[in-house]
2 protein chains.
Amino acid sequence: MPPQHQVTLAQVAEAAGVSIATASRAINGSTRKVSEVIRARVRRTAEELGYLPNLSAQTVVKGASPTVAVLVSDIADPYFSAISSGIMAGARQAGLMVTMATSERRSADERDMIRTFRSQRPRAIVVVGSRWDEDPEAQAIEEQLTAYQQAGGRVVMVSQGPSPFDLVEIQNVEGARALAHALVDQGGQHFGVVLGYRGLRTNADRLAGFAQGLAERGITLQEETVAEGAFTRDGGYAAMGELLGRDLELDTVFATSDLMAFGAGTAMREAGLQPGVQIGLAGFDNIALSEDVTPALTTVDVPLGQIGRHAMDLALSDHEEARTIEIPTSVILRASTPVR
Amino acid sequence: MPPQHQVTLAQVAEAAGVSIATASRAINGSTRKVSEVIRARVRRTAEELGYLPNLSAQTVVKGASPTVAVLVSDIADPYFSAISSGIMAGARQAGLMVTMATSERRSADERDMIRTFRSQRPRAIVVVGSRWDEDPEAQAIEEQLTAYQQAGGRVVMVSQGPSPFDLVEIQNVEGARALAHALVDQGGQHFGVVLGYRGLRTNADRLAGFAQGLAERGITLQEETVAEGAFTRDGGYAAMGELLGRDLELDTVFATSDLMAFGAGTAMREAGLQPGVQIGLAGFDNIALSEDVTPALTTVDVPLGQIGRHAMDLALSDHEEARTIEIPTSVILRASTPVR
DNA sequence: AGCCTATTGGAAAACGTTTGCCGAACGCAA
DNA sequence: TTGCGTTCGGCAAACGTTTTCCAATAGGCT
């Protein structure tokens, strides 16, 4: 680590002919006032010398840094990057910096990153991304976060419920259920599901909601029409391939994320099926490009940017007991699911 | 800012019955050794008490924080999120944290963010995103970065050349030129361009390279066949609309980014033109979904993840004079540009 | 004039670390 | 035994801030 030598407050004070205390008060403000003339002089001096406050020093004495730490599974995934974008917008408004890390969906890494975050003494830690059902690290992670919270930090989980912390919950069950209704209403009868890892609660919820929605229309989702894969574009491609190999008669496929739907769509075409023509295809999330593909993708809208904002709101408002914000979802029918 | 009270090194030292100095050496290691037995005892105590080193305190005394600061235009844009992903992977390997901010392409914000970054004393600052041609803040930003560098920090610019700093340069001109060749070879004759803001060097380069490539095949790109818009999906949609309104006879359209191409494609379809059938469409960047759309998008591959890695490599290797890494690009022909 | 209160500058103590130095303990050769 | 080098623990200074006092000055009131 190269030594970085910088202008210090002491140098500014000296140059302005005041004490360090006064310089501090003049520049970074506090309850105490400093006379206008001195204040101006100090500020000008600081400007001239190119003084920049040392955030770490401030953090040491204040006990917390003006920072919010964000942990996401994968920043290259448009789902997470859209949420992150909302978080960063909120953070900027609140004058906070953002430190970010990706867990790559490995929960041991998640635990380590949270430890590292704690070392930074951020004002809040936001964890985005579905939790695994049988996560060996779950307890360790929760302990870390609890300790952090008890030390005065705020914890916000996005799409991680149930949990003892503040929560931003996406209505996955309801959205998938409504989607099922809509698809049946369009004339779908034989449904398949391209499912991200079942162990991720998000997927489990979306599957359950979809099955429930179908059931409410008198259709039973067969287990053999569900293919599981990684919760990524490639996973969708692979799972769809598997589904095709099973030689079922499907007229509509629901993928538990838009990203998986894109992969599934490519697999369909490679098998000679045009989504939106011979077979229907629906996703979930309504990520940015889902309306630009051909055929435009039927999906369930999740207001991703808003989610980030809400997470920051929770992080900043102080309240005693944990709160939950429910994010409503809504079905968007597009050309990928034809009316029959 | 809530006071966060935490276990300190002093408490660990006390509990372990050693001095603070010894505790420090036992836990965070240094040149000096501490006997195995004491070392073990201290570590165990730290573990039991849940001690976490205070990174800010360490930063204050060491003079720099184990952090790399990243500034991107817009994290929700897949171009930037893919690069960020590479950067974060590199940072993790190097044991560094990442602090991230978005400038929203406003250069005044960019300047402010860099100031804030400097306050954090990061080990490196990475700035990703094309520079504006006539940027009123350009000088202020360069001064900030120069001062930072002189204080011992490392600066890496991605796609920002020319600049006095370390540079990761994408071969935009060459890529666009090669694309033009390939499109002419496929039988294209009447070309249009959906251009992101011309003031962004990236767009200017891609346009220039494309025009040059056409010229080398004996085709002159007419100014009236170029429509300019925001460097986003919506910009592409709007610019394509404008182009269509001009009533030209185009057989192929080059959009200066995949994102713009997606928007342009939607505009084409709304006008009754099928990309890949009546009209060719090509993009630039090869973002993740470009092969999943229908028709799959012809584009110029830019290895975005690698770019991030290279940026981190530059940030970490220490060398005197500024270096430049050239990232090669390569044409990928897909169905959106039919062979005629 | 005398007193009380507000205002404002400065000295110094914190905050949680790392590290330069000192000195104690030990091993070993002479 | 002395002398000397090596190992390793601890004291205390430093890092760049904020904040608690304390003191000095100014102003208002009687």
Side-chain angles (χ1 to χ4, degrees), chain A residues 1-43 45-46 49-67 118-121 151-152, chain B residues 1-43 45-46 49-67 118-121 151-152:
Chain A
M1 216 171 304
Q4 305 194 7
H5 93 54
Q6 296 270 0
V7 182
T8 92
L9 192 55
Q11 294 173 34
V12 174
E14 160 125 46
V18 298
S19 74
I20 300 187
T22 304
S24 170
R25 295 194 265 249
I27 293 179
N28 299 311
S30 73
T31 36
R32 285 278 305 267
K33 278 203 299 190
V34 44
S35 73
E36 195 46 56
V37 39
I38 290 203
R39 176 189 158 94
R41 185 167 82 225
V42 173
R43 293 213 155 177
T45 312
L49 267 52
Y51 169 75
L52 284 175
N54 182 321
L55 230 47
S56 298
Q58 294 185 151
T59 297
V60 170
V61 33
K62 296 227 177 120
S65 88
T67 281
R118 286 232 281 151
S119 279
Q120 276 233 52
R121 308 291 191 264
Chain B
M1 211 170 305
Q4 305 195 5
H5 96 54
Q6 296 270 359
V7 182
T8 88
L9 193 53
Q11 294 172 33
V12 174
E14 159 124 46
V18 298
S19 74
I20 300 187
T22 304
S24 169
R25 295 194 265 250
I27 293 177
N28 298 311
S30 72
T31 36
R32 284 275 307 264
K33 278 202 300 190
V34 44
S35 73
E36 196 46 55
V37 39
I38 291 204
R39 175 189 159 94
R41 187 167 81 225
V42 173
R43 293 213 154 178
T45 313
L49 267 53
Y51 168 75
L52 283 175
N54 182 321
L55 231 45
S56 298
Q58 294 186 152
T59 296
V60 170
V61 33
K62 296 231 177 114
S65 89
T67 281
R118 286 232 280 151
S119 279
Q120 277 233 60
R121 309 289 191 265

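In the text below, chain A, chain B and the rest are named by the order of the sequence lines, each starting its count at 1. Both backbone and side-chain heavy atoms feed into the values below; hydrogens, waters and symmetry mates do not.
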### Query
When you measure from the side chain of A/Arg41 to the backbone N and O of A/Ala16, does any donor-acceptor pair fall under 3.5 Å?
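Here the side-chain-to-backbone pair exists.
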What is the distance, to the nearest angstrom, from the [atom1] atom on [X] to the [atom2] atom on [N]?
{"X": "A/Arg41", "N": "C/dG9", "atom1": "CZ", "atom2": "C1'", "value": "11 Å"}
{"X": "A/Asn54", "N": "C/dC15", "atom1": "CG", "atom2": "P", "value": "18 Å"}
{"X": "B/Ile38", "N": "C/dA24", "atom1": "CD1", "atom2": "C1'", "value": "13 Å"}
{"X": "B/Ile20", "N": "D/dA13", "atom1": "CD1", "atom2": "P", "value": "14 Å"}
{"X": "A/Leu9", "N": "C/dG10", "atom1": "CG", "atom2": "C1'", "value": "13 Å"}
{"X": "A/Leu52", "N": "D/dC15", "atom1": "CG", "atom2": "P", "value": "19 Å"}
{"X": "B/Gln58", "N": "C/dT18", "atom1": "CD", "atom2": "C1'", "value": "9 Å"}
{"X": "B/Arg25", "N": "C/dT17", "atom1": "CZ", "atom2": "C1'", "value": "13 Å"}

### Query
For atom CD of B/Gln11, is the number of surrounding heavy atoms from other residues, nucleotides or ligands below 6.0 Å larger than 12?
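Counting neighbours around CD of B/Gln11, more than 12 heavy atoms of other residues, nucleotides or ligands fall under 6.0 Å, so yes.
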### Task
Select base, sugar-phosphate, or nothing to describe what B/Val60 touches, counting heavy atoms under 4.0 Å on all strands.
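It contacts base atoms.
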### Query
Under 4.0 angstrom, heavy atoms only, what part of the nucleic acid is A/Ser24 near: base, sugar-phosphate, or nothing?
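Here A/Ser24 touches the bases of the nucleic acid.
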#### Entry: Distance below 4.0 Å between B/Asn28 side-chain N/O and C/dT17 OP1 or OP2
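No, B/Asn28 has no side-chain N/O under 4.0 Å of OP1/OP2 on C/dT17.
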[options]: which one has an atom nearest the side-chain heavy atoms of [X]?
{"X": "A/Lys33", "options": "C/dT17, D/dG10, C/dT8", "answer": "C/dT8"}
{"X": "A/Val34", "options": "C/dG9, C/dT17, D/dT17", "answer": "C/dG9"}
{"X": "B/Thr22", "options": "C/dG10, C/dT18, D/dG10", "answer": "D/dG10"}
{"X": "B/Ser35", "options": "D/dT17, D/dG9, C/dG10", "answer": "D/dG9"}

### Query
Between B/Ser56 and B/Ala21, who's closer to the 5' end of DNA chain C by nearest nucleotide?
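Comparing both residues, the 5'-ward one is B/Ser56.
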### Query
Can a donor-acceptor pair under 3.5 Å be found between the side-chain atoms of A/Arg32 and the base atoms of C/dG9?
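Yes.
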### Message
Test side-chain contact (heavy atoms from CB on, under 4.5 Å) on A/Leu9 and A/Ile27; report intermediate values, then the result.
### Response
CA-CA 9 Å; A/Leu9 192 55; A/Ile27 293 179; 4.0 Å; yes
### Donor-acceptor pair between A/Thr59 and A/Ser56 side chains, under 3.5 angstrom
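Per modelled atom types, A/Thr59 and A/Ser56 side chains form no pair under 3.5 Å.
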### Message
On a heavy-atom basis, which atom in B/Gln120 and which in B/Ser65 lie closest, and how many Å separate them?
### Response
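Closest approach of B/Gln120 to B/Ser65: O-OG, 3.5 Å.
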